[in-house]
Amino acid sequence: MCGIVGIVAKGSVNQSIYDALTVLQHRGQDAAGIVTYDKGRLYLSKGNGLVRDVFNTQQMLTLQGDMGIGHVRYPTAGSSSSSEAQPFYVNSPYGVSLAHNGNLTNSDELKDELFREDLRHINTDSDSEVLLNVFAHELQRSGKFRIDQDDLFNAISGVHKRVKGAYACVAMITGFGIVGFRDPYGIRPIVYGKRDTDEGVEYIIASESVAIDSLGFDLIRDIAPGEAVFIGRDGSIATKQCAEPVTFSPCIFEYVYFARPDSILDGISVYKARLRMGEFLAKKIMRERPNHGIDVVIPIPDTSRTSALQLANSLGVKYREGFIKNRYIGRTFIMPGQKQRKKSVKQKLNAIDLEFKDKKVLLVDDSIVRGTTSEQIIQMAREAGAKEVYFASAAPPVRYPNVYGIDMPVYSELIGHQRDDNQIAEAVGADWLVYQDLEDLVKAVRRPDKELPIARFDASCFNGEYVTGDITPEYLNALEQKRSDEAKTKKTLGSDLQDIDLHNNRNGSNPL
């Protein structure tokens with residue numbers, strides 16, 4: 001999962017892109033990058049770490065220009081090496097930079113095809129570089145010295161024909177403009193907006209509406225599945241449907257965990273969806289455990305707060321903040337490696353003993369993926385004096401790998417795989433556990449007061465139904481070999497050693 005932004009302005013864009021990336025930081029904490037355009041030149045800065053750590057004052061001053069794109073990354077495909085930080089760039093044709101959120105499901109085939117047929121070399125393991133080169137090759141088909149909007153939209157149509165999987169992208173064509181586009185299923189979110197200034201109209205494309213709001217832009221709408229939105233350097237704007245209509249299937253996990261609650265995705269308020277999750281979960285508890293005996297409901301900060309508050313209100317039970325979060329520790333779920341996730345939980349949370357002592361406590365989380373965090377937090381609640389510890393998940397059990405850009409790639413790492421609810425409760429140490437039903441989750445996310453064009457949600461991590469229709473057992477087995485925590489650790493170690501080697505060689509010293 002990543003965050004992307006592109007801005008065409010009437011003045012310098014470096015600070016606006018930086019600000020947008022900080023607002024989207026929850027979507028990726030591994031790396032960040034910005035590329036800008038000014039007077040025929042591109043200026044690029046990127047590296048590992050949080051936005052505030054990657055960009056210093058000197059780097060910001062070098063990012064000149066009135067047009068640019070930015071990216072925050074958390075790795076699913078590829079490694080966490082700084083060489084795979086985005087945006088990526090190719091000089092031919094025209095000079096194209098791209099930032100990508102999602103995951104391609106045919107990247108291996110495309111990589112081979114690019115080398116053998118398109119004569120293009122891919123320098124990293126990132127599927128985003130593959131996507132960039134497919135886009136660049138399709139642009140090159142125009143054979144023109146200067147392209148126009150039709151050439152750009154034709155190139156994106158070509159991308160849709162070749163690329164499979166989930167992708168929401170912003171791409172900058174040097175000196176020409178910025179284009180945002182979305183896969184035909186609309187799995188990953190992307191929106192655009194505008195603001196009026198004394199100098200003229202400025203435009204923004206971003207992963208979530210919160211980035212648009214925070215910068216003072218007005219939200220225009222979501223980019224539709226298969227649609228492209230082009231913003232020219234002169235402030236012109238054009239849209240076109242570049243793919244044949246398919247089933248609109250946005251990822252439901254965006255509403256459960258990834259998106260900020262103050263965002264609106266595909267016409268749905270994330271905050272209100274989470275309120276409804278709490279309502280449905282309360283109804284299930286009353287059906288299954290009418291004499292639940294819960295003394296207090298406590299959320300596991302931060303994502304579950306909204307659902308937990310509504311759940312407590314619906315049950316008529318006290319709501320309390322029982323855990324204090326260290327704001328300087330990253331989101332545990334998106335940390336690259338099991339050891340790091342385990343280590344970070346106690347650094348991230350501390351229990352307030354008086355809210356637990358001698359009470360029957362219901363802990364509420366947005367979801368349970370590997371169970372690492374849940375197990376440790378339940379133990380913390382017991383150590384704080386809880387008489388009994390119950391656990392509620394605002395989402396159904398995660399039983400299947402996610403292949404569309406969320407780091408749930410391996411069956412063996414999912415606590416919900418091949419376990420029933422009682423076995424999961426025993427594994428995490430809860431006295432009892434309740435999950436949201438998938439049917440109720442869909443009802444919670446879908447706005448009941450408005451007809452939406454969403455035909456269905458991608459809920460593959462819950463039901464194993466992959467909306468793109470190209471996921472086979474062989475694909476999932478191959479993915480497990482490449483993207484387990486063990487495989488990532490080896491790959492990251494190798495990438496880090498390679499980065500050290502390159503750094504030492506640049507400085508004329510003996511590597512290692």
Side-chain angles (χ1 to χ4, degrees), residues 249-259 261 265-266 268-290 292 294 297-317 319 333 361-375 377-378 389-402 406 408 414-428 430-448 454 456-465:
S249 310
C251 175
I252 203 166
F253 208 75
E254 289 276 357
Y255 301 92
V256 171
Y257 176 80
F258 271 104
L265 305 181
D266 292 312
I268 298 169
S269 164
V270 176
Y271 175 76
K272 289 186 177 180
R274 289 178 184 168
L275 284 176
R276 292 190 289 266
M277 290 177 205
E279 289 177 6
F280 280 108
L281 200 51
K283 290 177 182 178
K284 183 173 182 180
I285 290 173
M286 290 305 298
R287 286 196 309 270
E288 297 188 354
R289 295 182 177 272
H292 51 73
I294 299 167
V297 172
I298 293 177
I300 297 172
D302 285 314
T303 323
S304 64
R305 276 199 175 99
T306 309
S307 297
L309 179 60
Q310 191 65 14
L311 185 153
N313 289 337
S314 298
L315 290 180
V317 175
Y319 170 91
F333 172 71
V361 178
L362 175 64
L363 302 180
V364 181
D365 208 350
D366 51 79
S367 59
I368 308 173
V369 182
R370 294 168 176 86
T372 307
T373 303
S374 306
E375 181 182 3
I377 289 176
I378 290 169
V389 182
Y390 316 135
F391 205 93
S393 168
V398 176
R399 302 192 189 279
Y400 303 92
N402 183 286
I406 299 176
M408 303 175 189
L414 302 176
I415 196 168
H417 183 63
Q418 294 185 335
R419 288 187 178 98
D420 61 27
D421 292 3
N422 291 330
Q423 291 171 325
I424 297 170
E426 183 178 355
V428 299
D431 291 294
W432 56 260
L433 177 148
V434 59
Y435 277 106
Q436 186 88 262
D437 292 332
L438 181 55
E439 182 180 352
D440 286 342
L441 177 61
V442 172
K443 290 178 183 176
V445 175
R446 191 184 296 278
R447 282 182 59 176
I454 299 171
R456 62 174 174 177
F457 291 96
D458 170 62
S460 52
C461 58
F462 304 127
N463 59 16
E465 298 174 7

What is the minimum heavy-atom distance between [X] and [Y], and which atoms define it?
X: L265; Y: A259; value: CD1-CB, 3.6 Å
X: T303; Y: Y257; value: CG2-O, 3.4 Å
X: R419; Y: L414; value: NH1-O, 4.1 Å
X: C461; Y: F253; value: SG-CD1, 4.2 Å
X: R274; Y: F258; value: NH2-N, 4.2 Å

Go through the steps to decide whether K284 and D437 satisfy the test salt bridge (Lys or Arg N to Asp or Glu O under 4.0 Å), and finish with yes or no.
-> CA-CA 8 Å; K284 183 173 182 180; D437 292 332; 2.8 Å; yes
Separation between [atom1] of [X] and [atom2] of [Y], rounded to the nearest 0.5 Å:
X: D440; Y: L281; atom1: CG; atom2: CG; answer: 9.0 Å
X: L433; Y: S374; atom1: CG; atom2: OG; answer: 8.0 Å
X: D365; Y: I298; atom1: CG; atom2: CD1; answer: 13.0 Å
X: L441; Y: I252; atom1: CG; atom2: CD1; answer: 3.5 Å
X: D266; Y: I454; atom1: CG; atom2: CD1; answer: 5.0 Å

Can you list the residues that meet the side chain to side chain donor-acceptor pair (under 3.5 Å) rule with [X], with sequence neighbours excluded?
X: Y319; answer: E321
X: D366; answer: none
X: K283; answer: none
X: Y390; answer: E388

Mind checking whether I378 and F391 have side chains closer than 4.5 Å, heavy atoms only?
->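 When only atoms from C-beta onward are counted, F391 and I378 do touch, with a gap below 4.5 Å.
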Sub-4.5 Å side-chain heavy-atom contact between V317 and L362 =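 The answer is no, as the side chains (C-beta and beyond) never meet within the 4.5 Å cut-off.
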Over 12 non-hydrogen atoms of neighbours within 6.0 angstrom of CD in E426 |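 Counting other residues, nucleotides and ligands, CD of E426 stays at 12 neighbours or fewer.
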What residues, two or more places apart in sequence or in another chain, satisfy salt bridge (Lys or Arg N to Asp or Glu O under 4.0 Å) together with E439?
->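 E439 satisfies salt bridge (Lys or Arg N to Asp or Glu O under 4.0 Å) with K443 only.
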Test salt bridge (Lys or Arg N to Asp or Glu O under 4.0 Å) applied to D302 - qualifying residues, sequence neighbours left out |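 Salt bridge (Lys or Arg N to Asp or Glu O under 4.0 Å) list for D302, sorted by chain: R305, K325, R327.
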Holding to side-chain contact (heavy atoms from CB on, under 4.5 Å), I want the full list of residues that pass it with [X], two or more places apart in sequence or in another chain.
X: E465; value: N463
X: P397; value: R399, D421, Y435
X: L275; value: Y271, T306, Q310
X: A394; value: M277, S307

Could you pull out all residues at least two apart from H417 that satisfy ring pair (Phe, Tyr, Trp, His ring centres under 6.0 Å)?
->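 Only Y411 meet the ring pair (Phe, Tyr, Trp, His ring centres under 6.0 Å) criterion with H417.
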Begin from the C-alpha positions of V445 and F457 and carry the test side-chain contact (heavy atoms from CB on, under 4.5 Å) through to its verdict.
-> CA-CA 9 Å; V445 175; F457 291 96; 3.6 Å; yes
